[in-house]
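Worksheet: one structure, shown below.
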Amino acid sequence: MSELSKRVHQIMPSSTVGIADKAARLKLQGHKVIDLSAGRASEHTPEYICQAATNAIRSGDTHQTMARGKVEFRKACAIKLSRDNGITADPDSEIIATMGVKQGLTLALLATINPGDEVIIEDPCFVSYYPLITVAGGKGVPVPLKPENNFRWTQEQLLGAISEKTRAILFNSPHNPTGTVHSPEDLEMIARVAIENDLFVITDEVYEHVTWDGHQHTCLAGLPGMKERTISAMGLTKTFSMGGWRIGFAFAPERILKEMVKLQQHLLTCAGSFTQTGAAAAFENPPLPEVIKLWEKWDWRITMFIDGLNKIPGLKCKKPEGGFYGWVDISETGMTSQQMTDKLLDEAKVTVVPGASFGENGEGYIRVTCVKSREDLMEALSRIEDVLN
Ligand code: PMP
């Protein structure tokens with residue numbers, strides 16, 4: 001039999017999606033599993049967004065759109081960028097509809113990376129960055145996020161990671177898994193390094209609306225000198241509970257965006273038509289009271305769950321500045337993150353993600369999703385406590 005591509009051998013399956021699939025299989029077999037692995041909230045998409053998409057289907061909006069997405073959707077994205085991020089974007093030339101943030105990142109990498117180019121990424125980071133960079137022919141260069149630096153890069157670290165092959169920096173804020181939200185000063189440092197070394201920056205802003213306790217998301221592309229070198233991947237997956245819709249968008253300067261459109265023509269033709277209409281309804285107005293209420297509910301649940309985890313001997317966890325994960329320090333238990341994950345699944349039927357799957361610097365941690373129902377979170381706390389006691 002012929003060998004398959006080197007590409008597929010170089011990448012590992014997604015641990016988060018893999019564990020969530022395993023939890024779903026166990027549930028089908030009748031096990032009472034509580035799934036804290038994948039970043040999926042227990043709530044459904046707000047009704048007004050569903051209504052907009054349903055109306056679109058009923059009115060025959062079931063055909064392919066322009067490769068860059070519908071005018072109506074791109075205009076709504078431009079309104080959102082102006083309102084939420086203080087950025088002026090041309091919906092005709094600087095915005096493309098993508099099938100989720102991951103697809104926006106994929107287009108960004110395919111448009112900017114040549115074989116052998118290096119892309120600086122965080123360690124720990126979202127499990128798909130390394131594989132997506134590899135598939136694009138590049139090499140991910142992980143730069144540690146240390147707890148003593150509050151899970152932020154220092155300028156020395158970033159400069160030390162740059163080589164003549166470095167083409168781009170890819171980072172995520174609010175951050176999965178550590179919960180860091182970059183301040184304007186953090187971003188100014190990244191911008192300075194990018195400008196001085198003539199690098200592209202790809203930003204993953206999928207958690208932008210969910211920040212807590214006064215932390216606020218800032219969009220790097222809005223900083224002086226950054227718009228021309230930044231590709232911002234944005235979406236609704238997490239914050240509007242729209243993971244199954246597979247919709248998002250990317251904002252980039254025209255010279256990059258037009259190449260992303262070319263790739264989109266061949267890869268997907270376009271993002272879904274009625275999903276764009278639903279997403280437009282979410283973006284064209286400020287979040288409605290029901291969405292704000294949802295985010296407030298998540299804030300409360302995250303606080304409650306993390307307080308509960310901190311009462312369990314051996315576990316330590318700070319509340320995230322943004323996003324909806326607990327990044328739980330398990331070092332006192334003496335177990336590796338994989339051992340802890342296996343133990344919680346086998347003995348408590350609770351699924352979590354081992355920190356090591358986010359990178360070398362994730363060892364000693366597990367990641368838990370905190371936006372499940374109150375009942376599931378309480379039950380998970382009680383089961384975890386029983387097992388660890
Ligand atoms: N980026 C990060 C940091 C994520 O955590 C996730 C989902 N887990 C994604 C991107 C994927 O987003 P989407 O579903 O919109 O492709």
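We count ligands from 1, going down the list as the structure has it; atoms in each ligand are counted the same way. Remember, predicted model here, so these are calculated numbers, not experimental data.
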**Asked** So, for F283 and F249, is the gap between ring centers shorter than 6.0 Å?
**Response**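 That pair passes the under 6.0 Å test.
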**Item:** Centroid separation F358 to Y325 less than 6.0 Å
**Value:**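 Not close enough - the centres of the two rings lie 6.0 Å or further apart.
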**Asked** Taking only residues at least two apart or on different chains, which pairs with a member in residues 95-136 satisfy ring pair (Phe, Tyr, Trp, His ring centres under 6.0 Å)?
**Response**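 Those involving residues 95-136 are F126-Y129.
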**Asked** Tell me, which pairs form a ring pair (Phe, Tyr, Trp, His ring centres under 6.0 Å) where one or both residues lie in residues 47-105, sequence neighbours left out?
**Response**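 Not a single pair qualifies under ring pair (Phe, Tyr, Trp, His ring centres under 6.0 Å).
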Among protein heavy atoms, which lies nearest [atom], and at what distance?
atom                    : value
atom 6 (C) of ligand 1  : F126 CZ, 3.4 Å
atom 2 (C) of ligand 1  : D204 OD2, 3.3 Å
atom 7 (C) of ligand 1  : K238 NZ, 2.9 Å
atom 15 (O) of ligand 1 : T237 OG1, 2.5 Å

**Option set R246, E205, M242, K102, criterion heavy-atom distance to atom 14 (O) of ligand 1, minimum** =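 Result: the heavy atom closest to atom 14 (O) of ligand 1 is in R246.
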**Prompt:** Do ligand 1 and N172 have nitrogen or oxygen atoms that lie under 3.5 Å from each other?
**Reply:**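 No, N172 has no N/O under 3.5 Å of an N/O on ligand 1.
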**Request:** Report yes if Q103 has an N/O atom closer than 3.5 Å to an N/O atom of ligand 1; otherwise report no.
**Result:**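 Q103 vs ligand 1: no N/O contact under 3.5 Å.
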**Message:** Give me the atom names and distance for the closest heavy-atom approach of G326 to C317.
**Reply:**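 Heavy-atom minimum between the residues: CA-SG, 3.8 Å.
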Atoms in ligand 1 with a heavy atom of [X] nearer than 4.0 Å:
X    : result
G100 : 15 (O), 16 (O)
Y207 : 3 (C), 4 (C), 5 (O), 8 (N)
V101 : 10 (C), 12 (O), 13 (P), 15 (O), 16 (O)

**Message:** Do L268 and Q103 have side chains that approach each other closer than 4.5 Å (heavy atoms only, starting at C-beta)?
**Reply:**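 SC-SC contact between L268 and Q103 confirmed.
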**Prompt:** Between K32 and E379, does at least one N-O distance fall below 4.0 Å, as a salt bridge requires?
**Reply:**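 A salt bridge is absent here (no side-chain N lies under 4.0 Å from a carboxylate O).
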